[in-house]
Amino acid sequence: MEEDTGVLPRKDDFSQWYNEILWRAEVMDVRYPVKGLYVWYPHGFAVRKRAYGILRDLMDRDHAETMFPLLIPETEFMKEATHIKGFEDEVYWVTHGGRNELDVPLALRPTSETAIYPMYSLWIRSHTDLPLKLYQVVNTFRYETKHTRPLIRLREITSFKEAHTVHATREEAAAQVEVALGLYREFYDSLRVPVIVSRRPAWDKFPGADYTIAVDTVMPDGKTLQIGTVHMLGDHFSRTYDITYEDANGEQQYVYQTCYGISERSIAAVISVHGDDKGLVLPPEVAPIEVVIVPIIVGKRRDEVLSAAGALEEEFRNAGFAVKLDAREMRPGAKYYHWEMRGVPLRIEVGPRDIDANTVVAVTRSGKKTTLDRRGVVEGVCSILGEFGEELSQTARQAMADRIIVAATMEETAAAVKNGVAVVHWCGSQECAEKIETAVDASIIGSDIRSDLIAVSDGPCVACGGNGTSALIARTY
RNA sequence: GGGGCAGUAGGGUAGCCUGGUCCAUCCUAGAGCGUUUGGGACGCUUUGACGGCAGUUCGAAUCUGCCCUGCCCCA
């Protein structure tokens, strides 16, 4: 395990900052000797565990959790033509068992449609089997050729939460897309991460989907990070995999499907959106340690202070907080830096002065210091943490708002995407999209924007002057 | 996809061109002992490395080849 001393690069230098915080805050170790694969430190994994706990709770309201195999036979994988096209260049293949070549090569799932849908074909018989809503949290593999980056561009995505739903009608499936978007919004609200929802351009949709609606956030360097996608699959896959049901009239009908996913990019977003020059800043909702108690040990009152700190710890634990008493033989200042790096939302200090005054000192990760009465300490901490979470939401929201710039010309757009997201009018054609992308060195993120930070309007396309509507342009991860 | 540069202990570096010691060095690194403790303490003792595989050689961190990993530039 690494020590946390030393200076983190300033967050202004985001790329450097991101690389260093991952190991200094014990999130990921990037030294695993295979490109694109990284190791979760226990602390990083504990953050993941809490975040995915929230996600699971959301899914469990209306989905059932399942688990499909990692390996997909080539014969199934190759059935859906557009789907294959989207993935064939980045699939890992298992070709041997020991020294023997396999008759049918097995793909390491890059996503699980082709593993799940053949089984759906067997499971779904009647309209009474519908709707079917399953999800799984699994690892997936993609042979990325571009620059890999921990939590963001991986060859093994270790935490892919993918849901696959099946419906009797296209309308029902379309409605499910909206339900999924609602769940994802709720999830990111819990993580205090602001998002923009938009419809991806046709050429950027999921291979095999009718349309894709994406959830993006804006990183500190102004690039967008896709942190969730919801796909309307229509009946493409049901026709390929022969997923049919007998309707009330006794006739066979193809089903309509959706799928939607979130990966550990959600963790990258939490780290990047909230972190600062001192390290991680974790929302209480996902912090593995919500409250750290630092006893201020002074010479002969050592035992007294330690037992006061122990009593506090027990009180917090009984109240349901994830609490940690740091009784290590270190100077208090060193402990402060240690826990600040790891993003602990609240620090409680107890020393002789506090014992005499019957108080404790509470300091939030954002630096707000409060002296609390020892008696109502649990209630006091509860409300401080609540406010702290709210503060994170507001700060992050404001930071994102500041990076969204409405642009009317190519020049304005080019300037805007240097450190943020541009909102421009675009006619929707691929030709104009390419013109814009080349001119401003950024990508069309989407249209049909849904964000209370962005006012959508109609206007002349920034490229051709024809009828256009608001679209997002940004550099992307 | 094309090109360039690099990899030395937990982290940071020197040495490499021009092969040769008992010991390379720095740190907010590790282990141990003691004194300390309201924002990164100090002293002493000590541990630990030349990315991997092969080759050349009496001898390789140093030269050659391949591989892996990382970074930068171009498409």
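Predicted, not measured: the structure shown is a model, and the values here were computed from it. Note that these values count all heavy atoms, side chains included, but never hydrogens, waters or copies made by symmetry. Each chain gets a letter, A, B and so on, in the order its sequence line appears, and its residues count up from 1.
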A:H338 NE2 to B:U28 P, in whole Å, measures 19 Å
So what does A:Q16 touch, heavy atoms closer than 4.0 Å: a base, only the sugar-phosphate, or nothing?
-> nothing
For atom NZ of A:K35, decide whether the heavy atoms of other residues, nucleotides or ligands shown that lie under 6.0 angstrom number more than 12.
-> yes
Scan nucleotides 35-38 of chain B against the protein and return all N/O pairs shorter than 3.5 Å with their distances rounded to 0.1 Å.
{"from": "B:U36", "atom 1": "O4", "to": "A:E329", "atom 2": "OE1", "distance (Å)": "3.2"}
{"from": "B:U37", "atom 1": "O2'", "to": "A:I297", "atom 2": "O", "distance (Å)": "2.7"}
{"from": "B:U37", "atom 1": "O2", "to": "A:M330", "atom 2": "O", "distance (Å)": "3.0"}
{"from": "B:U37", "atom 1": "O4", "to": "A:E329", "atom 2": "OE1", "distance (Å)": "3.3"}
{"from": "B:G38", "atom 1": "OP1", "to": "A:R331", "atom 2": "NH2", "distance (Å)": "2.7"}
{"from": "B:G38", "atom 1": "O6", "to": "A:P352", "atom 2": "N", "distance (Å)": "3.1"}
{"from": "B:G38", "atom 1": "O6", "to": "A:R353", "atom 2": "N", "distance (Å)": "2.6"}
{"from": "B:G38", "atom 1": "N1", "to": "A:D354", "atom 2": "OD2", "distance (Å)": "2.8"}
{"from": "B:G38", "atom 1": "N2", "to": "A:E349", "atom 2": "OE1", "distance (Å)": "3.3"}
{"from": "B:G38", "atom 1": "N2", "to": "A:D354", "atom 2": "OD2", "distance (Å)": "3.3"}

Geometric cation-pi criterion, A:K205 with A:Y211: 6.0 Å, 45° = no
Taking atom P in both B:C23 and B:U47, compute the distance separating them and give it to the nearest angstrom.
-> 12 Å
Side chain to side chain donor-acceptor pair (under 3.5 Å) pairs, two or more places apart, involving residues 375-384 of chain A | none
Using atom P of each nucleotide, how far apart are B:C71 and B:U8 to the nearest Å?
-> 14 Å
Could you work out the separation of B:C27 and B:C22 based on their C1' atoms and round it to a whole Å?
-> 25 Å
Lys/Arg N to Asp/Glu carboxylate O, A:R200 vs A:D216, below 4.0 Å | yes
Take atom C1' in B:U21 and the same atom in B:G15, then report the distance between them in whole Å.
-> 14 Å
Sugar-phosphate, base or nothing in reach of A:R347, heavy atoms under 4.0 Å = base
Taking atom CD of A:E314 as the centre, does the number of heavy atoms from other residues, nucleotides or ligands within less than 6.0 Å exceed 12?
-> no
So does A:E113 pair up with A:K79, basic N to acidic O under 4.0 Å?
-> no
Is a side-chain N or O of A:E80 found less than 3.5 angstrom from the main chain of A:T240, in a donor-acceptor match?
-> no
Table of protein N/O atoms under 3.5 Å from nucleotides 66-75 of chain B N/O atoms:
{"from": "B:U69", "atom 1": "OP1", "to": "A:K35", "atom 2": "N", "distance (Å)": "3.2"}
{"from": "B:C71", "atom 1": "OP1", "to": "A:H147", "atom 2": "NE2", "distance (Å)": "3.0"}
{"from": "B:C71", "atom 1": "OP2", "to": "A:H147", "atom 2": "NE2", "distance (Å)": "2.9"}

Neighbour count >12 (heavy atoms, 6.0 Å) for atom CG, A:D441 = no
A:I348 CD1 to B:G39 P, straight-line distance once rounded to whole Å | 17 Å
Provide the full list of side chain to side chain donor-acceptor pair (under 3.5 Å) pairs with a residue in residues 91-110 of chain A, sequence neighbours left out, each pair given once.
-> A:R109-A:N139
Sticking with atom C1', work out how far B:C16 lies from B:A75, rounded to a whole angstrom.
-> 34 Å
With a 4.0 Å cut-off, would you call A:R347 and A:E349 a salt bridge?
-> yes
Quantified in whole Å, what is the C1' atom distance between nucleotide B:U18 and nucleotide B:C63?
-> 11 Å
Between A:R403 and A:D221, is there a salt bridge with N-O shorter than 4.0 Å?
-> no
Euclidean distance for P, B:U62 against B:C50 (whole angstrom) = 12 Å
Please tabulate, for side-chain N and O atoms in residues 83-91 of chain A, each donor-acceptor pair with protein atoms closer than 3.5 Å (sequence neighbours left out).
{"from": "A:H83", "atom 1": "ND1", "to": "A:P207", "atom 2": "O", "distance (Å)": "3.1"}

Mind checking which stems touch RNA chain B? I mean at least 3 consecutive Watson-Crick or G-U pairs, both distances under 3.5 Å.
-> B:1-7 with B:68-74, B:10-13 with B:24-27, B:29-35 with B:41-47, B:51-55 with B:63-67
Send over the distance from A:E340 CD to B:G39 P, rounded to a whole Å.
-> 12 Å
Integer angstrom distance from the C1' of B:U69 to that of B:G32 = 36 Å
